[in-house]
Amino acid sequence: ILSQLGVTALLSRGLSGEAFGMCAIFAHIMLMVGLFDGGIGGGGLRNTLSTCQLKDDQKKVFLSSFYFIGLIYLLLALIYALFIQHYLHHLFVLQDVHLFNQLKTIGWVFVISIIIKVPFSIYASGFYAFEEDDKKALIDIIESVALVLVLGLATIFHQDFLVGFAGYYLTLSLMSCLGFGWFLKKRNWKLKKFSWTTIYKSIQPLFKIHRAFWIQNLLSLALFSFSPYLLMRFLNLEKVGEYTLIYRACCLFLGIHFSLLNPLWASYTKAFYNKNFMWIEKTLRQSLKLTILLFGLAALGLIFFYQPILFLWSGKQIICHKIVVLYAIWMIFYALINCFSIFLNSVNLIQKQSLALLIGSSSNILLGVFFSKIWSVEGVVLASIISLLPLFFSNLIEILQLKKKVLSEQRSSY
């Protein structure tokens, strides 16, 4: 979190408004392209490794997922080379001639980093599945320091935007490779080559779980990340960068929150498998209480002190009281949803979440476009808040129904 603060501060001070806005958009594109793995590298892999009994099966599932995801991203790179790169200038409307001329090279740096980063990043699901969060955290710390150093040196020596951009994304890729290698070493696994028949057989029984997580992730992206894209359609890149700062500030709080919740995922899975329902209920209640306390204070702090905070952070004087209040409300709902979703995901209860996400993401797009014409930026954020409500209430109801079912089964067993 501290490194993200430092990185944003460096970029905001060292880049032009257009270049800073471009960085914000590429950061959101990274979220989107990370979903093309079909859900194989995320929650589905984590849950499968947590419940796999045989080490050989764990190894086959993990490495098969790696090779399968690698193939997907090589195919995406081919699609980019043949079609998408020709339309970059339509996506980014730039006034800066130098940036305009570099855009295709910037695009290729981004694509190459994705080809490397995404497949190797499945090491994170591996560490989480084996409840070795400390090892994942150590990689994160090294990555954080490396990113600040790379961008800091690029800023100090007044390097071209392309140099800093390449340094940032290639550092992310390198750290994913490092984490992947360390995970294999801790398991004493070799990077063994499998036939495509073996790979398919290893992951084929898991497609149902993976597909559910993939659909959930895809709809989550549409729900939680649509606003910056909509802003880009009717604001210039410089203004998008400024408003994205507020969004990023909220996401930093959510990042801290998720880092607290994330270790519970595998614990919830094992507790549910062992029918330790009392521990699950107690832990879920505590996580909700802590969330309400933390995010209530964070929201108040953001509302009353956002101007000096954003100025110290980015060097930009930003005045937008209504936007900050709306984003603070959005942040609180998002955090509460995370508490529910971590548990529901851990026990593979995905379908109702996906339905609620479909309703929410559809309403986010429709309401976002409609409200933006009436209330401009405020309308976009208001649409985002309203769109969270189906998922919030759906998750709450599903957990209450699950509790009722468990109590009923316990009574019948007595």
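Computed from heavy atoms alone, side chains included, the values below leave out hydrogens, waters and symmetry copies.
- Aromatic ring orientation, Y123 versus F127: perpendicular (interplanar angle above 60°, classes split at 30° and 60°).
- Annotation for K104: atom NZ counts as buried by contact number, over 12 foreign heavy atoms lying within 6.0 Å.
- Classified by interplanar angle (parallel below 30°, tilted 30° to 60°, perpendicular above 60°), the ring pair F371/W375 is tilted.
- Salt-bridge check for K136 with E132: failed, with every basic side-chain N at 4.0 Å or more from each acidic carboxylate O.
- Using modelled atom types, no side-chain atom of S408 and backbone atom of K405 make a donor-acceptor pair closer than 3.5 Å.
- Ring geometry, Y334 versus W330: the interplanar angle exceeds 60°, so the pair is classed perpendicular (tilted spans 30 to 60°).
- A donor-acceptor pair under 3.5 Å links the side-chain atoms of S372 to the main chain of V369, judged by distance alone.
- Using a 4.5 Å heavy-atom threshold, the side chains of F68 and Y200 count as separate.
- Counting heavy atoms from C-beta on, the side chains of V111 and L76 never come closer than 4.5 Å.
- Looking only at side-chain heavy atoms (C-beta outward), F20 and L245 come within less than 4.5 Å of each other.
- Remark: side-chain polar atoms of Q85 are paired, donor with acceptor, to backbone N or O of A81 under 3.5 angstrom.
- Side-chain contact between Y128 and L49 is absent, with no heavy atoms from C-beta onward closer than 4.5 Å.
- Within a 6.0 Å radius of NZ in K60, no more than 12 heavy atoms belonging to other residues, nucleotides or ligands are found.
- A pairwise comparison of heavy atoms in A266 and E131 identifies CB-CG, 3.7 Å as the closest pair.
- Atoms NE2 and OH, from H86 and Y80 in turn, are 9.5 Å apart once rounded to the nearest 0.5 Å.
- Between L326 and E378, the closest heavy-atom pair is CD1-O, 3.6 Å.
- Counting only heavy atoms from C-beta outward, the side chains of W313 and L252 approach each other to under 4.5 Å.
- At distances below 3.5 Å, at least one donor-acceptor pair connects side-chain atoms of D160 with backbone N or O atoms of L162.
- Looking at E18, its side chain does come within 3.5 Å of a backbone N or O of Q95 through a donor-acceptor pair.
- The main-chain N or O of V97 is found under 3.5 Å from a side-chain atom of N101 such that the two form a donor-acceptor pair.
- The distance from atom CG of L396 to atom SG of C339, rounded to the nearest 0.5 Å, is 11.5 Å.
- Atom-to-atom distance recorded for L336:CG and F340:CZ is 6.5 Å, nearest 0.5 angstrom.
- Shown here for A129 and R46, the closest heavy-atom pair between the two residues is CB-O, 3.4 Å.
- You'll find the side chain of S341 reaches within 4.5 Å of the side chain of N395, heavy atoms only.
- Distance CD1/I69 to CZ/F120: 11.5 Å, rounded to 0.5 Å.
- In this pair, F183 and W189 present their aromatic rings perpendicular. The plane angle is above 60°, beyond the 30 to 60° band.
- Although no hydrogens or angles enter the test, the distance criterion places no donor-acceptor pair under 3.5 Å between the side chain of Y169 and the main chain of K117.
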Could you go step by step and tell me if F333 and F295 meet the ring pair (Phe, Tyr, Trp, His ring centres under 6.0 Å) rule? CA-CA 9 Å; F333 273 109; F295 280 84; over 10 Å; no
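- A cation-pi contact, defined as under 6.0 Å to the ring centre and within 45° of the axis, is absent between R187 and F62.
- Remark: side-chain polar atoms of S287 are paired, donor with acceptor, to backbone N or O of L284 under 3.5 angstrom.
- Atom NZ of K270 has more than 12 neighbouring heavy atoms from other residues, nucleotides or ligands inside a 6.0 Å radius.
- Of all the heavy atoms in S363 and S387, the pair that sits closest is OG-OG, 3.3 Å.
- Between atom CD1 of residue I106 and atom CZ of residue F161 there is a gap of 5.0 Å, rounded to the nearest 0.5 Å.
- Judged by distance alone, the side chain of S176 and the main-chain N or O of S121 form no donor-acceptor pair under 3.5 Å.
- What you find for P390 and I386 is that their closest heavy atoms are CD-O, 3.5 Å.
- Contact detail for C177 and I116: the closest heavy-atom pair is SG-CG2, 3.6 Å.
- Side-chain contact check for I280 versus Y268: some heavy-atom pair is nearer than 4.5 Å.
- With a 4.5 Å cut-off on side-chain heavy atoms, E409 and K275 do not count as touching.
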